[in-house]
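Below: the structure, in structure tokens.
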Amino acid sequence: MKSYSPLRYLASIAFFTLLISEISITAVAQSQPSQKRSSGKNFSAVKQLTDDAALAASIRKLTDRTADGIIEQQRADGSFFADLKGKFQNVILGKLNASGEPVAACIASIGEANRFLGRDLETGSPIRKSGPEPESIDLIAALHAMSVDEFRFYSRLISDYQLSQARLSQLSANIVIQNNDGLAEGFNDILPAFVIGEGGNFGLTRGAQRLNVFNQAASIWGAFLDSGVTITVDAKFDPLKPCSSGGGVLASSGASTLHRNFFGAEFTNTWYPQALANKRAYQDLHSSPDISATVNSDVDNGCLGPGTRFYYGYDNAVPPGRINLLIVTLHEFGHGLGFQTFVNGSTGEYFLSFPDIFLLKMYDRSIGLYWNQMTNAQRAASAINPNNVLFDGPSVRLESGFLTAGRETSTGRVELYTPNPLQSGSSLSHFNTAATPNLLMEPAIKCDLPLNLDLTRKIMRDLGWHRDTTLDGVPDSIINVSPNNGSVIVGQQVIIGWTNTGGFNRNVTIELSTNGGSTFSAIATDVSNTGSYTWTV
């Protein structure tokens with residue numbers, strides 16, 4: 001006989017993870033080859049300092065994390081909102097590594113930019129690099145005992161499969177890309193595509209391929225979100241200056257407004273990003289787009305270096321000298337949808353005196369307190385407590401078992417990024433870089449990421465992006481799993497049953513535990529969610 005304990009049912013084709021709403025800027029830096037002394041050297045040095053100063057000013061503006069100039073306003077229904085005025089953006093910086101391959105990291109302060117680029121943008125002084133260093137595809141391929149070509153081939157197969165599975169599910173959220181470009185520019189650029197069919201993107205022009213990538217990111221996120229209110233992304237491509245081999249802005253993006261005390265909010269006096277607030281309120285709470293995004297069109301002109309440009313494929317099979325726009329877009333959308341806290345990490349102060357929904361799930365295991373239970377001083381100390389601040393949500397705890405590092409084994413909580421010294425913006429609003437395998441929402445954008453939104457989709461559910469087809473404010477769930485104890489005889493047939501409380505349209509995985517729930521193994525995967533399954537033991 002084979003004994004078993006509670007069976008567990010999990011949505012098998014759940015979220016996709018990598019990226020959105022982090023307001024991001026991306027700068028790409030390239031090491032300069034040694035040059036012979038010449039009259040042009042001084043000119044180049046002066047130009048570099050001038051460009052760096054302009055880049056620093058742009059980063060400071062986009063990553064401003066103060067509430068200065070932001071005024072809370074009240075709506076007629078009694079709820080409150082705050083227009084972020086383009087602040088609190090997260091930035092994706094890029095550079096070429098020692099092998100000449102582009103690497104990227106998500107930053108949210110001038111200090112982080114300086115450490116990533118290895119120089120002070122405002123003084124030109126070299127500084128010691130710290131923080132996460134993105135991995136090259138050569139290293140990732142080697143870790144898998146593959147050649148680079150083999151790794152790209154299998155990554156392509158995996159990504160294509162995952163995307164095809166996502167498309168099998170009816171979209172639950174409608175994410176609309178609002179084209180804000182003018183005639184013959186950006187999304188409307190009529191220049192021929194670099195490669196027609198690149199990574200499955202068959203747009204005939206550069207503009208068409210750009211729009212296809214944004215719509216692909218919207219489709220991936222939409223397949224794993226639930227909202228009756230359309231999510232609008234105000235998007236455009238513009239030439240963002242300066243941009244050179246010394247660095248440049250690749251893209252910037254972020255949520256437009258925050259809301260609290262609206263009808264449908266799970267917690268009172270708690271800030272929600274606009275798209276999530278709309279979902280829970282069953283109405284559009286603000287006339288502005290939910291997320292704004294600007295991408296540097298000059299990247300496709302090789303401004304970062306000869307031969308460099310964006311990669312417009314739908315996969316991770318990125319050729320040398322390319323920056324994967326889909327990954328960047330997914331990551332940024334992720335921040336904008338809610339993977340971000342607005343607390344001041346240096347002082348521990350709330351944004352405009354109230355916590356945000358992400359912060360409510362942050363737990364410090366050193367002192368046994370959630371962040372909303374702490375004083376300002378305790379939060380400031382916790383922000384620089386490496387490896388000890390964790391995201392605590394039921395969906396994340398349930399699904400984090402695949403991690404071999406970056407996870408608290410006893411509870412399933414997952415570590416957040418809390419380096420010492422503080423890296424304002426990136427700290428707290430990312431998974432810890434210790435996570436293994438790599439996750440989409442780590443501060444360093446890795447090249448081995450699956451396009452399935454990994455644990456990010458589970459965080460979104462814990463923040464409130466749950467299915468609610470009955471519109472009662474209660475998450476749809478699976479209950480009444482049976483049998484849930486006892487024993488069965490090998491060879492016999494057992495009817496496994498469950499109740500679907502809402503309108504789940506996803507297939508499920510059925511898992512069995514023979515040790516009281518400590519570990520599980522799959523009985524069946526990708527099973528129709530009919531409420532019944534016949535299992536031959």
Side-chain angles (χ1 to χ4, degrees), residues 20-23 63 65-67 70 72 80-82 84 87-90 106 108-109 254-255 257-262 265-277 280 334-397 408 411 413-419 422-432 441 443 455-456 458-466:
I20 144 185
S21 166
E22 168 174 354
I23 302 169
T63 62
R65 279 177 150 62
T66 68
I70 298 178
E72 182 181 70
F80 296 86
F81 74 94
L84 294 177
K87 294 186 175 186
F88 290 89
Q89 298 194 36
N90 291 292
C106 182
S109 72
T257 63
L258 297 179
H259 297 258
R260 67 176 180 87
N261 292 9
F262 50 87
E266 182 179 4
F267 301 98
T268 59
N269 295 324
T270 301
W271 292 114
Y272 288 75
Q274 182 173 320
L276 178 54
R280 297 199 62 98
H335 284 297
L337 293 173
F339 199 120
Q340 181 179 4
T341 179
F342 295 86
V343 68
N344 187 316
S346 298
T347 66
E349 294 177 298
Y350 291 147
F351 175 78
L352 293 181
S353 303
F354 295 101
D356 54 75
I357 183 62
F358 191 89
L359 178 147
L360 296 189
K361 310 293 183 181
M362 292 162 52
Y363 177 81
D364 190 315
R365 60 182 161 193
S366 296
I367 59 176
L369 294 175
Y370 290 89
W371 270 48
N372 63 317
Q373 298 171 329
M374 299 180 187
T375 64
N376 289 348
Q378 287 175 317
R379 282 189 286 270
S382 181
I384 51 175
N385 187 9
N387 309 321
N388 286 304
V389 178
L390 305 102
F391 187 93
D392 187 10
S395 296
V396 167
R397 289 198 303 266
E408 187 176 65
T411 65
R413 297 170 178 144
V414 177
E415 296 172 10
L416 296 174
Y417 184 54
T418 53
L422 180 78
Q423 296 190 19
S424 176
S426 291
S427 289
L428 307 173
S429 294
H430 290 93
F431 284 125
N432 196 358
M441 297 305 292
L455 274 181
T456 302
K458 298 303 179 183
I459 277 194
M460 292 302 171
R461 179 177 175 85
D462 287 336
L463 293 178
W465 284 105
H466 52 67

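- Taking each heavy atom of Asp462 and Ser395 in turn, the nearest pair found is OD1-N, 3.0 Å.
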Verdict with supporting geometry, Phe342 and Leu84, side chain to side chain contact (heavy atoms under 4.5 Å, CB included): CA-CA 11 Å; Phe342 295 86; Leu84 294 177; 4.0 Å; yes
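- Ring geometry, Trp271 versus Phe351: the interplanar angle exceeds 60°, so the pair is classed perpendicular (tilted spans 30 to 60°).
- The CG atom of Leu258 lies 8.5 Å from the CG atom of Leu352; values are rounded to the nearest 0.5 Å.
- One finds the CZ atom of Arg260 at 4.0 Å from the CD atom of Glu72 (value rounded to the nearest 0.5 Å).
- Residues Ile70 and Phe88 meet the side-chain proximity criterion, which asks for heavy atoms closer than 4.5 Å.
- Under the 4.5 Å side-chain criterion, counting only non-hydrogen atoms from C-beta, Arg65 is not in contact with Lys87.
- A 4.5 Å side-chain heavy-atom check between Asn372 and Leu359 finds at least one atom pair inside the cut-off.
- Ring centroid separation for the pair Phe391 and Phe358 comes in under the 6.0 Å cut-off.
- In this structure, the separation between CE on Met362 and CG on Asp356 is 8.0 Å, given to the nearest 0.5 Å.
- Between the side chain of Asn388 and the backbone N or O of Pro386, at least one donor-acceptor pair lies under 3.5 Å.
- Phe339 has its side chain within reach of Met460: a pair of non-hydrogen atoms, C-beta onward, lies under 4.5 Å apart.
- A heavy-atom distance below 4.5 Å is not found between the side chains of Gln274 and Phe81.
- Nearest heavy-atom pair across Tyr363 and Gly368 is OH-CA, 3.3 Å.
- Put simply, CG on Leu463 and CD on Gln340 are 11.5 Å apart, with the number rounded to the nearest 0.5 Å.
- Annotation for Ala380 and Ser346: closest pair CB-O, 3.4 Å, computed over non-hydrogen atoms.
- Taking the six-membered ring for Trp and thresholds of 30 and 60 degrees, His430 and Tyr417 have ring planes more than 60 degrees apart, a perpendicular arrangement.
- Pro273 has its side chain out of reach of Leu337: every pair of non-hydrogen atoms, C-beta onward, lies at least 4.5 Å apart.
- Side-chain contact between Leu276 and Trp465 is present, with at least one heavy-atom pair separated by less than 4.5 Å.
- In this structure, the separation between CD1 on Ile459 and CG on Leu416 is 6.5 Å, given to the nearest 0.5 Å.
- Closest non-hydrogen pair, Asn376 versus Gly348, comes out as OD1-O, 3.1 Å.
- Side-chain atoms of Tyr272 come within 3.5 Å of backbone N or O of Phe267 as a donor-acceptor pair.
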Full working for side chain to side chain contact (heavy atoms under 4.5 Å, CB included) between Asp392 and Lys361: CA-CA 5 Å; Asp392 187 10; Lys361 310 293 183 181; 5.5 Å; no
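- Considering Thr418, Leu428, Asp364 as possible partners of Ser382, the one that fulfils the side chain to side chain contact (heavy atoms under 4.5 Å, CB included) test is Asp364.
- The shortest non-hydrogen separation linking Leu369 to Met374 is O-CE, 3.4 Å.
- To the nearest 0.5 Å, the span separating CG on Asn261 from CZ on Phe354 amounts to 7.0 Å.
- Panel note: side chain Asn344, backbone Thr347; a donor-acceptor pair is recorded below 3.5 Å.
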